[in-house]
Every structure is written in C-alpha cells, then in structure tokens.
Enquirer: 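Below is a structure I'd like to ask you about.
Just so it is clear, the model here is predicted, and its values are computed rather than measured.
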Amino acid sequence: MLFKPKSVRTHFSGLIFFQNYQRNLWVKPSHRYGKYNEEDDDDKDPKLRNTKENQLDHFYLYKSKGQHLLTNTRILDAIVRRSNIKPTDTVLEIGPGTGNLTVKLLEAAEKVVAVEIDKRMVDVLHKRVAENGLQERLNVICKDAMKVEFPQFDLVVANIPYGISSPLIAKLVYGRNPFRSATLLLQKEFARRLLAEPGDSEFNRLAVNVNLVADVEFVMDVSKREFLPCPKVDSSVVIIRPKPELPDVNLNEWRAFTRTCFGKKNKTLGATFKQKKKVMQLLKLAKTTSLNKENPPTGNNYECDEYYDGKYEDEDTDGEEFFASSTSDLEMNLFKEKIVGILRKSGFEDKRPSKVSNEDLLHLLSLFNHAGIYFHDHVKPNDLGNANAAYLS
C-alpha cells in the first residue's frame, strides 16, 4: 500500500519549522513533578554535563518543570488577536520560553515584560528577539514569577507552567497591579474548574474566589499535540477580566470563609458548621476579634496579602487545646446554637456550597459578621510574603 505524499510533506514541513525555531532544544522526559529548581539544570552525570558544556547551543526541555512550548503559529496568532492588544500597551508574559509568543506580542504591543526563571531560555529569547530587531521593547526578568514584584502592565498574555496556575492567578486578581485582562493558556481540566458555575460538578473554591473579583471567558481548546514536548493533557485558553466594581467585603475574611465552606463542598453547610472543632475555632476568633477594635473585619480591603490561605487558624493546635480547656460546655453549646440559628433562619442549613452562588455566600458571610462570628484572625499579620496560595484550590 502506497502512502500519500501529503504525509511526507507534512513531516518535512514540521522538520523545517523545528529547525528554524526549536532546533537547539532537546527534550528530557521525566516522571517527576514539582516546582522549578535551578540546581536541577546541572546534570549529575559528569559525562553528560561535559557534553552540554561543549555544545552550548543545545539544552534540555524539562517536562517536570512545565516546559512545554506552543509551536502552532495559527494558535499563537489567535491568542494575540483575542487579547485585543493596543499599540500603547505593556504586556506581561510569564514563562516566555524561547519566544514563540513573545515575538508576536512585541509586534503588537509597545513593550513586553517577560518573566522567565530559566537562564538558558533567557539567552535564547534575547538572541531570537535581537534577530527580529525588537530587543529595545523587551524587558526580561530572570526570576521566579511567584517571588518577584511585577512592574506596571496593561495586559497579561502567557502560556504559563501548569504547576503555578492557581497561585499565579491569585497573585494577578488579588494583587495591587490593575490590569485590563489576562489571556492565559491553562491545563484544560483547570480551566474547566475556573469556568464552573454553581451546580456544576466542577464548581469549587477556585471559581468562587476568582469570580468574586473577575469574569472568566472561555476562548478555545488546544490539543496537546501542538506543544513541544507533548504534555499528557490538552489545554484551554481563557481570558480573565477584573470586575470594574467589587463587593464591599474584606478579602481575608472572604477567603477564610470560603475555605471553611468548601473544605467538604458536598457536605451541607449545617453539617460543616456543627463540627465541634469548627465551633471552637469560630468561638475563639469571635473573642479575639471583639478585643481587636482597631482592626475591624469590614470594608473592601483589596490590598491585603494575596497569598493568605487562613492556615494560621489551623496550625495553632496548642492554643486551641488551651482555649478548649478554658471554655465551658455551656458557652460552646450557646455559640453553636447561634451559628445554627443563623443558617436555619436564612435557609442555608441544608444547602451545599457547591450549589450556592457568590451573592448568597456574601449574604451569609454578612449575617455571620453582623452576629459577631468571624473567620479570619485579624490580629495576625497580613503580610505573609511568599506563603502558599492554597486558598484558590
């Protein structure tokens, strides 16, 4: 049986594209998953390291570090087009890799700020941009995107490493830098969770917390075959647009509240709030907050720490044991009845958080706060630096 010449032409066209843009990249497969570590760039095998030193134009792509390069020019063009970039815009790109998307962004925007942790990628990126005569409009920051403070920007357009999707989105939508939109290429499953609505099986705390401050639009799916190296899953492009008007709620309080509600999203709210440990935590917070009159938990504190995940409430086990031993059963029962009474009177006792809208959750939080029930310890400092952004997961 003869093969059609078309498949041969496709094969060679793919080789030509690879030689023009990615000829210096090797793929190093890995079954390990984790965050990027610069120390991993130095291979433990001396022979292999010497080979790499003698062939400076070649380097590995690490799957375990999320280094998957989008090579389809049609999709790259579509991403730039849907981003609605103005000639006066400064675009922030996280994880530019070898510059497939960066070059197209530079052609559309006034300036591109690219944040890339891999020094090898930065060298290739500088060389490629210089070949296109666009180096004066590119600012490369060779640091960890989760640790660096972003400069001012108008838009975000990026094919981000899947491993930092949740904390990066948190840093953007809860950060201090105002921006018009963020066009992001994400893992397909993660994008579905981000787009989920109340009642959907994928509805979760991620969607709740992002939807409070931003709208998310689905753009398109992208096959895993469009990447080099090929990942195990497909991707999706979404656009996140910050809302022009934000609700009057303290964000630390809101995130601690949703953390409680969605700890077991298929449990009823009544079952969640009746747990003895949760009642004790809320009683302790109620007493602490009532003493801290100088920092009330009201108002839209949008410059709070974007990485806070409420973990301090769960880690102070010694304090909880002491508090429990010094609290009478009567006081605990009265406080529990107060919580259940609010849930019952407002019709939330038998509802599951996975089916409750943001408007209803905001209403319930307001009822709790007005009754002196709080979820965030406002005595604790908000500036937690590089703490984990697990509150979006």
Side-chain angles (χ1 to χ4, degrees), residues 165-175 178-179 181-182 184 186 189-218 236 238-273 278 282 297-310 339 342-371 373-376 389-393:
S165 297
S166 183
L168 178 60
I169 291 175
K171 183 173 183 176
L172 292 173
V173 300
Y174 284 105
F179 63 96
S181 67
L184 303 177
L186 307 168
E189 181 182 354
F190 182 88
R192 292 296 181 270
R193 293 176 57 221
L194 193 63
L195 291 157
E197 298 181 354
D200 295 344
S201 59
E202 299 94 348
F203 190 60
N204 59 93
R205 191 170 175 235
L206 169 72
V208 166
N209 284 345
V210 172
N211 185 256
L212 179 75
V213 296
D215 295 314
V216 184
E217 176 191 355
F218 170 78
S236 295
V238 302
I239 299 178
I240 300 174
R241 297 183 178 90
K243 293 181 177 179
E245 296 183 5
L246 302 176
D248 184 20
V249 62
N250 179 279
L251 292 186
N252 285 333
E253 182 71 10
W254 166 261
R255 292 196 295 262
F257 171 65
T258 58
R259 185 172 185 262
T260 295
C261 294
F262 283 85
K264 298 288 183 180
K265 70 174 185 177
N266 291 320
K267 261 190 174 184
T268 65
L269 291 170
T272 296
F273 283 98
K278 180 54 60 180
L282 295 179
T298 57
N300 50 349
N301 176 21
Y302 287 100
E303 291 193 353
C304 62
D305 170 53
E306 61 264 32
Y307 301 105
Y308 176 74
D309 66 353
I339 295 173
I342 293 172
L343 291 169
R344 188 169 297 157
K345 187 176 180 180
S346 58
F348 286 100
E349 184 180 14
D350 296 324
K351 290 186 177 181
R352 290 173 169 78
S354 58
K355 300 182 184 298
V356 179
S357 67
N358 269 26
E359 291 74 16
D360 287 338
L361 288 172
L362 284 167
H363 176 58
L364 179 57
L365 177 59
S366 176
L367 293 175
F368 276 133
N369 286 172
H370 279 94
I373 300 171
Y374 304 101
F375 297 83
H376 167 61
Y391 57 81
L392 282 186
S393 60

Enquirer: Indicate yes or no: at least one non-hydrogen side-chain atom of I342 is less than 4.5 angstrom from one of F348.
Expert: no
Enquirer: Tell me, with the steps shown, if I240 and I169 meet side chain to side chain contact (heavy atoms under 4.5 Å, CB included).
Expert: CA-CA 9 Å; I240 300 174; I169 291 175; 4.1 Å; yes
Enquirer: Without swapping roles, check the side chain of K267 against the backbone of P353 for a donor-acceptor pair under 3.5 Å.
Expert: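 Absent.
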Enquirer: More than 12 non-hydrogen atoms from neighbouring residues, nucleotides or ligands closer than 6.0 Å to NZ on K264, yes or no?
Expert: no
Enquirer: Test side chain to side chain contact (heavy atoms under 4.5 Å, CB included) on N369 and Y374; report intermediate values, then the result.
Expert: CA-CA 6 Å; N369 286 172; Y374 304 101; 3.3 Å; yes
Enquirer: Evaluate the side-chain proximity of S236 to L186: yes if any heavy-atom separation is below 4.5 Å, no if none is.
Expert: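 Result no, sub-4.5 Å side-chain heavy-atom pair not found.
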Enquirer: Which heavy-atom pair separates A207 from L194 by the least distance, and what is that distance?
Expert: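 Minimum heavy-atom separation between A207 and L194: CB-O, 3.9 Å.
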Enquirer: Does the ring of F203 carry R193 above it, NZ/CZ under 6.0 angstrom from centre and within 45° of its axis?
Expert: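 Geometry flag: not set, cation outside 6.0 Å or 45°.
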Enquirer: Is the backbone N or O of E197 less than 3.5 Å from a side-chain atom of D200, with the two atoms forming a donor-acceptor pair by type?
Expert: yes
Enquirer: Does atom CD of E189 have more than 12 heavy-atom neighbours, drawn from other residues, nucleotides or ligands, at distances under 6.0 Å?
Expert: no
Enquirer: Between E202 and R192, does the salt bridge (Lys or Arg N to Asp or Glu O under 4.0 Å) criterion hold? Intermediate values first, please.
Expert: CA-CA 7 Å; E202 299 94 348; R192 292 296 181 270; over 6 Å; no
Enquirer: Report yes if the distance between the aromatic ring centroids of F368 and F375 is under 6.0 Å, otherwise no.
Expert: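 Yes.
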Enquirer: Does a side-chain heavy-atom distance below 4.5 Å link V356 with V208?
Expert: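 When only atoms from C-beta onward are counted, V208 and V356 do not touch, as no gap falls below 4.5 Å.
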Enquirer: Side chains of N209 and T258: donor-acceptor distance under 3.5 Å anywhere?
Expert: yes
Enquirer: Side-chain contact, heavy-atom cut-off 4.5 Å: W254 with P247?
Expert: no
Enquirer: Tell me, with the steps shown, if L251 and L212 meet side chain to side chain contact (heavy atoms under 4.5 Å, CB included).
Expert: CA-CA 10 Å; L251 292 186; L212 179 75; 3.7 Å; yes
Enquirer: Ring of F262, cation from K265 - is the NZ or CZ under 6.0 Å from the centre and inside 45° of the axis?
Expert: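 The answer is no, since K265 fails at least one limit relative to F262.
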Enquirer: Identify the heavy atoms of F257 and L361 that sit nearest to each other, and give their distance.
Expert: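 Closest approach of F257 to L361: CE2-O, 3.4 Å.
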Enquirer: Does any part of the side chain of Y174, heavy atoms only, come nearer than 4.5 Å to the side chain of R255, both counted from C-beta?
Expert: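 The answer is yes; the side chains approach within 4.5 Å.
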Enquirer: If you look at every heavy atom in R352 and N266, which pair is closest and at what distance?
Expert: NE-O, 2.7 Å
Enquirer: Quick one: does any side-chain atom of H370 pair with a main-chain N or O of S366 as donor and acceptor, under 3.5 Å?
Expert: yes
Enquirer: Flag the pair E217 / V238 as yes when at least one side-chain heavy-atom distance between them is below 4.5 Å, and no otherwise.
Expert: no
Enquirer: Apply side chain to side chain contact (heavy atoms under 4.5 Å, CB included) to the pair E349 and T268, showing each step before the final yes or no.
Expert: CA-CA 7 Å; E349 184 180 14; T268 65; over 6 Å; no
Enquirer: Would a distance-only check, ignoring hydrogens and angles, find a side-chain to backbone donor-acceptor pair under 3.5 Å from N358 to L362?
Expert: no
Enquirer: Does any part of the side chain of T272, heavy atoms only, come nearer than 4.5 Å to the side chain of C261, both counted from C-beta?
Expert: no
Enquirer: Can you find a heavy atom in the side chain of L343 that is under 4.5 Å from one in the side chain of I339?
Expert: yes
